[in-house]
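Structure first, commentary second.
The sequence lines fix the lettering, A, B, ..., with proteins before strands; numbering per chain opens at 1.
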2 protein chains.
Amino acid sequence: MPSPDVSPAAHLIAASGGRVTRTRIAVLEILQDSPRSLNHDDIAAQLAADGMPHDRVTLYRTLDWLVEQGLAHRVIGPDRARRFKAGGETRSQHAHFHCDRCGHVLCLESIRPEEQFTLPAGFEPDRAELVFHGTCADCGRQRGAKA
Amino acid sequence: MPSPDVSPAAHLIAASGGRVTRTRIAVLEILQDSPRSLNHDDIAAQLAADGMPHDRVTLYRTLDWLVEQGLAHRVIGPDRARRFKAGGETRSQHAHFHCDRCGHVLCLESIRPEEQFTLPAGFEPDRAELVFHGTCADCGRQRGAKA
DNA sequence: CGGCTAATGCTACAATGTTGCATTAGCCAA
DNA sequence: TTGGCTAATGCAACATTGTAGCATTAGCCG
Ligand SMILES: [Mn+2]
Ligand SMILES: [Mn+2]
Ligand SMILES: [Zn+2]
Ligand SMILES: [Zn+2]
């Protein structure tokens, strides 16, 4: 029988065929616990806070691996830095919102640009990235309260 | 009367209030002559081909300046590199197509994501980036011819 | 032409991501 | 449980893309 002390993250990692390591578990759990997408610095800081030292390169490779396995997805912000969030990307082809005020990137799972547009003849898209820029709900509230 | 040996690019640069320099004219003309967006390497190579040696930093600053003046616009590709094309961005808020085969980024002026979507309550977007990924028309033709 | 200063060129630096390779540790089979 | 194979890690060095400071050049205007 499956031991009950193994986290869901560990199960996902094992199921994908890779080795279940401390780093992979910790990183995937950090992503799963976050409502917004995180960049490398965010994740490294969280690992440090959890008392888990680690190497920059290992974190890059771990995140790439999680994306390859469909356990995380990636979005590139206007600061040219990659941000990650738990969950595959092919399953959830959704839009993102970049807040110019707080810098956070949020997933808009309800918006899917897929079959919304007709491209010129000859173009064969296999995915679409839609990113909105502006003020997020939280920052909008704060601004309203302040005024 | 205006001398006829001054290029349209030079006129645009003069009209924006900046100094009309060799570099600005050459870069803007390169952008105007290209049907697709160009990255720094593309532009530097073209400058070299035209016998115009140039400094990396000056090219960065020149392109930033052209964007500020509304004479060019920028899009960030999945390779995290900026690509530039002549023409302002606020006037033409259009989608782009990144070809995974040839790597080119093309403007789809006919597609404007503006008022197509309804965001969740509280979100206030002021612009939207829509980028398709797949096979462009040229590459699709080549593949068809080859088969 | 002469002078003011925007623009350039150069160097050094910053941020983000990659490669090579020796070492460690997860997994499996005996 | 142990031993061995090799995936994963850690470290150092490097690559790419973009910035900052500052001395020099050159566009513009009188
Ligand atoms: Mn997302
Ligand atoms: Mn464009
Ligand atoms: Zn915000
Ligand atoms: Zn193509």
Side-chain angles (χ1 to χ4, degrees), chain A residues 2-3 5-7 9-28 37-45 47-48 50 52-69 71-72 74-84 103 105, chain B residues 2-3 5-7 9-28 37-45 47-48 50 52-69 71-72 74-84 103 105:
Chain A
S3 40
D5 58 341
V6 175
S7 75
H11 275 294
L12 284 171
I13 292 165
S16 73
R19 291 185 182 174
V20 181
T21 69
R22 285 194 320 150
T23 303
R24 284 177 180 172
I25 296 172
V27 170
L28 183 50
S37 59
L38 304 173
N39 62 25
H40 273 77
D41 278 346
D42 294 332
I43 298 166
L47 286 174
D50 295 353
M52 261 204 59
H54 58 280
D55 174 65
R56 238 165 52 82
V57 178
T58 300
L59 182 51
Y60 274 104
R61 291 197 272 230
T62 298
L63 286 165
D64 286 348
W65 185 86
L66 289 173
V67 170
E68 274 171 27
Q69 305 308 314
L71 298 178
R74 174 167 35 204
V75 56
I76 296 183
D79 57 352
R80 315 185 327 117
R82 299 169 181 172
R83 288 164 179 277
F84 298 84
V105 177
Chain B
S3 39
D5 58 343
V6 175
S7 76
H11 275 293
L12 285 171
I13 291 165
S16 73
R19 290 186 183 172
V20 181
T21 68
R22 284 195 319 152
T23 302
R24 286 178 177 172
I25 296 172
V27 170
L28 183 51
S37 61
L38 304 173
N39 62 25
H40 273 77
D41 278 347
D42 294 332
I43 298 166
L47 286 174
D50 295 354
M52 264 202 58
H54 265 100
D55 175 62
R56 242 164 48 82
V57 178
T58 300
L59 181 51
Y60 275 103
R61 292 197 273 229
T62 300
L63 286 165
D64 286 348
W65 185 86
L66 289 174
V67 170
E68 273 170 29
Q69 304 308 314
L71 299 178
R74 173 169 32 205
V75 57
I76 296 183
D79 57 352
R80 317 185 324 118
R82 298 168 182 172
R83 289 165 179 278
F84 298 84
V105 177

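Minimum atom distance to the side chain of A:Arg82 is reached by C:dG17, of the listed D:dG18, C:dT16, C:dG17. Side-chain proximity of B:Thr58 to the nucleotides D:dG27, C:dC27, C:dG9 is greatest for C:dG9.
Remark: the A:Arg19 side chain and the D:dA8 base include no donor-acceptor N/O pair separated by less than 3.5 Å. Between the side chain of A:Arg56 and the base of C:dG17, at least one donor-acceptor pair of N or O atoms lies under 3.5 Å.
Considering all non-hydrogen atoms of both residues, B:Val27 and B:Leu63 come closest at CG1-CD2, 3.7 Å. A:Ile25 and A:Ser7 get closest at one heavy-atom pair: CG2-OG, 4.0 Å.
Going from atom CH2 of B:Trp65 over to atom P of D:dG27 covers 14 Å, rounded to whole Å. Atom-to-atom, CZ of A:Arg80 to C1' of C:dA15 comes out at 8 Å; the value is rounded to the nearest Å. A straight line from CG of A:Asp41 to P of C:dA14 spans 15 Å, rounded to a whole angstrom. Distance, B:Asp55 CG to D:dC22 P: 17 Å, rounded to whole Å. Rounding to whole angstrom units, CZ of residue A:Phe84 and P of C:dT16 are separated by 12 Å. When the C1' atom of C:dG26 is taken as reference, atom CZ of A:Arg24 falls 10 Å away, rounded to whole Å. Rounded to an integer number of Å, the gap from CZ of B:Arg83 to P of D:dT16 is 15 Å. For the pair A:His54 NE2 and C:dT24 C1', the computed distance is 18 Å after rounding to whole Å.
The phosphate of D:dT9 has OP1 or OP2 within less than 4.0 Å of a side-chain N or O from A:Thr62. Listed pair A:Arg22 / D:dG10 fails the phosphate criterion, with no side-chain N or O lying under 4.0 Å from OP1 or OP2. Here B:His40 reaches the OP1 or OP2 of D:dG18: one of its side-chain N or O atoms lies under 4.0 Å away.
Distance check: A:Leu59 CG to A:Thr23 OG1 gives 8.5 Å after rounding to the nearest 0.5 Å. The OG1 atom of A:Thr62 lies 10.5 Å from the CZ atom of A:Phe84; values are rounded to the nearest 0.5 Å.
B:Arg83 contributes no side-chain N or O that, together with a main-chain N or O of B:Val75, makes up a donor-acceptor pair within less than 3.5 Å. Using a distance-only test at 3.5 Å, with no hydrogens or angles considered, no donor-acceptor pair links the side chain of A:Asp50 to the main chain of A:Met52. Side-chain atoms of B:Arg24 come within 3.5 Å of backbone atoms of B:Arg19 as a donor-acceptor pair (strictly under, hydrogens ignored).
Each of B:Asp79 and A:Thr21 was assigned the nucleotide of DNA chain D with the nearest heavy atom; the assignment lying further toward the 5' end belongs to A:Thr21. Heavy-atom nearest nucleotides on DNA chain D were determined for B:Asp64 and for B:Gly18, and the one closer to the 5' end corresponds to B:Asp64.
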Is there any protein nitrogen or oxygen under 3.5 Å from a nitrogen or oxygen in nucleotides 19-21 of chain C, and what are the pairs?
| unit_1 | atom_1 | unit_2 | atom_2 | d |
| --- | --- | --- | --- | --- |
| C:dG20 | O6 | A:Arg61 | NH1 | 3.4 |
| C:dG20 | O6 | A:Arg61 | NH2 | 3.4 |

